[in-house]
Amino acid sequence: TYVFFYRAADNFNWREMSDLRGFRIGGSEGYSYGYEFDQAVKRGELNIDYVSSDILNLKKLQAKRIDLFPSDIQVGYYLLNQLFPALQAEQFKHHPKPIVEIETHVLFSKVDLSRGKLLQAAFNKGLQELRANGTYRKLVEQASLSYYSQTLYHN
């Protein structure tokens, strides 16, 4: 789930792409933020400045050089809590409306089908064990996603 991160002191709300006009948006090179967003950028409707990393964008957001930063919600909060002390990290929020939701998958090669099935079984078993012994929940909470973790560890 990609959302906009912004400074908590700012009053930000949006419903559609046209609501984003006038905001300085930071993007990371090589990322797609969904078809609708990418098309608005191509049409020149959004003021976006691309840099080489999410970390640079969060620093630019803190320094008020951009107003919004689109990011995967999990990655965004993880990076905020890695980059900034707790009191500074709390100065950022995300808007609840997703920019785009993208499914992710674990892929196994079909070249060696028997090996792929073994890897899939091992992955599923390991994931089940992590969930059963509470490690999965701890990992999610360590990434400061406790507000988001109900969805993650109950699926």
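In this structure, the side chain of His95 engages the main chain of Lys97 through a donor-acceptor pair within 3.5 Å. For the pair Asp38 (side chain) and Tyr35 (backbone), a donor-acceptor distance under 3.5 Å is absent. Judged by distance alone, the side chain of Asn47 and the main-chain N or O of Gly22 form no donor-acceptor pair under 3.5 Å. Arg24 contributes a side-chain N or O that, together with a main-chain N or O of Lys64, makes up a donor-acceptor pair within less than 3.5 Å. With Ser32 contributing its side chain and Gly34 its backbone, the two residues share a donor-acceptor pair below 3.5 Å. No donor-acceptor distance shorter than 3.5 angstrom exists from the side chain of Asp49 to the backbone of Gly26, with no hydrogens or angles considered.
Closest approach of Leu61 and Leu68 over heavy atoms only: CD1-N, 4.0 Å. Between Pro98 and Thr1, the shortest heavy-atom distance links the atoms CB-CG2, 3.9 Å. Residues Leu79 and Ile55 approach most closely at CD2-CG1, 4.2 Å, considering heavy atoms. When all heavy atoms are compared, the tightest approach of Lys60 to Val51 is NZ-CG1, 3.7 Å. In terms of heavy atoms, Phe37 sits closest to Pro70 at CZ-CG, 4.5 Å. Between Ser28 and Phe69, the closest heavy-atom pair is OG-CE1, 3.9 Å.
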- Could you walk me through whether Ile99 and Met17 pass the side chain to side chain contact (heavy atoms under 4.5 Å, CB included) check? CA-CA 9 Å; Ile99 303 164; Met17 288 294 155; 4.3 Å; yes
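The neighbour count for Arg15 CZ, taken as heavy atoms of other residues, nucleotides or ligands under 6.0 Å away, does not exceed 12. When the shell of 6.0 Å around CD of Gln128 is examined, it contains 12 or fewer heavy atoms from other residues, nucleotides or ligands.
Residues Ile48 and Trp14 are members of one and the same hydrophobic cluster, defined by side-chain heavy-atom contacts under 4.5 angstrom among Ile, Leu, Val, Met, Phe, Trp and Tyr. Residues Ile102 and Leu107 are members of separate hydrophobic clusters, defined by side-chain heavy-atom contacts under 4.5 angstrom among Ile, Leu, Val, Met, Phe, Trp and Tyr. Taken together through direct or relayed side-chain contacts under 4.5 Å among Ile, Leu, Val, Met, Phe, Trp and Tyr, Leu20 and Ile73 form part of one hydrophobic cluster. One hydrophobic cluster holds both Tyr136 and Val106 under the rule that ILVMFWY side chains link at heavy-atom gaps under 4.5 Å. Follow the hydrophobic side-chain contacts under 4.5 Å out from Phe4 and you reach Tyr78 in the same cluster.
Checked against a 6.0 Å centroid threshold, the rings of Tyr31 and Tyr50 do not count as neighbours. Within the 6.0 Å centre-distance limit, the rings of Phe12 and Phe23 are counted as a close aromatic pair.
Ring planes of Phe5 and His94: tilted class, angle from 30 to 60°. Ring geometry for Phe84 against Phe92 counts as parallel: the plane angle stays under 30°, on a 0 to 90° scale with 60° as the upper cut.
Remark: Tyr77 OH to Gln82 CD distance equals 15.0 Å, nearest 0.5 Å. Distance check: Gln88 CD to Glu90 CD gives 10.5 Å after rounding to the nearest 0.5 Å. Rounded to the nearest 0.5 Å, atoms CG (Asp72) and CD (Glu101) are 11.0 Å apart. Note that NZ of Lys110 and NZ of Lys117 are 9.5 Å apart. Values are rounded to the nearest 0.5 Å. Atom NZ of Lys59 sits about 11.5 Å away from atom CG of Asn57, to the nearest 0.5 Å.
Arg7 is not listed as a side-chain neighbour of Ile66, based on a closest heavy-atom distance of 4.5 Å or more. The shortest side-chain heavy-atom distance between Val100 and Glu36 does not fall under the 4.5 Å cut-off.
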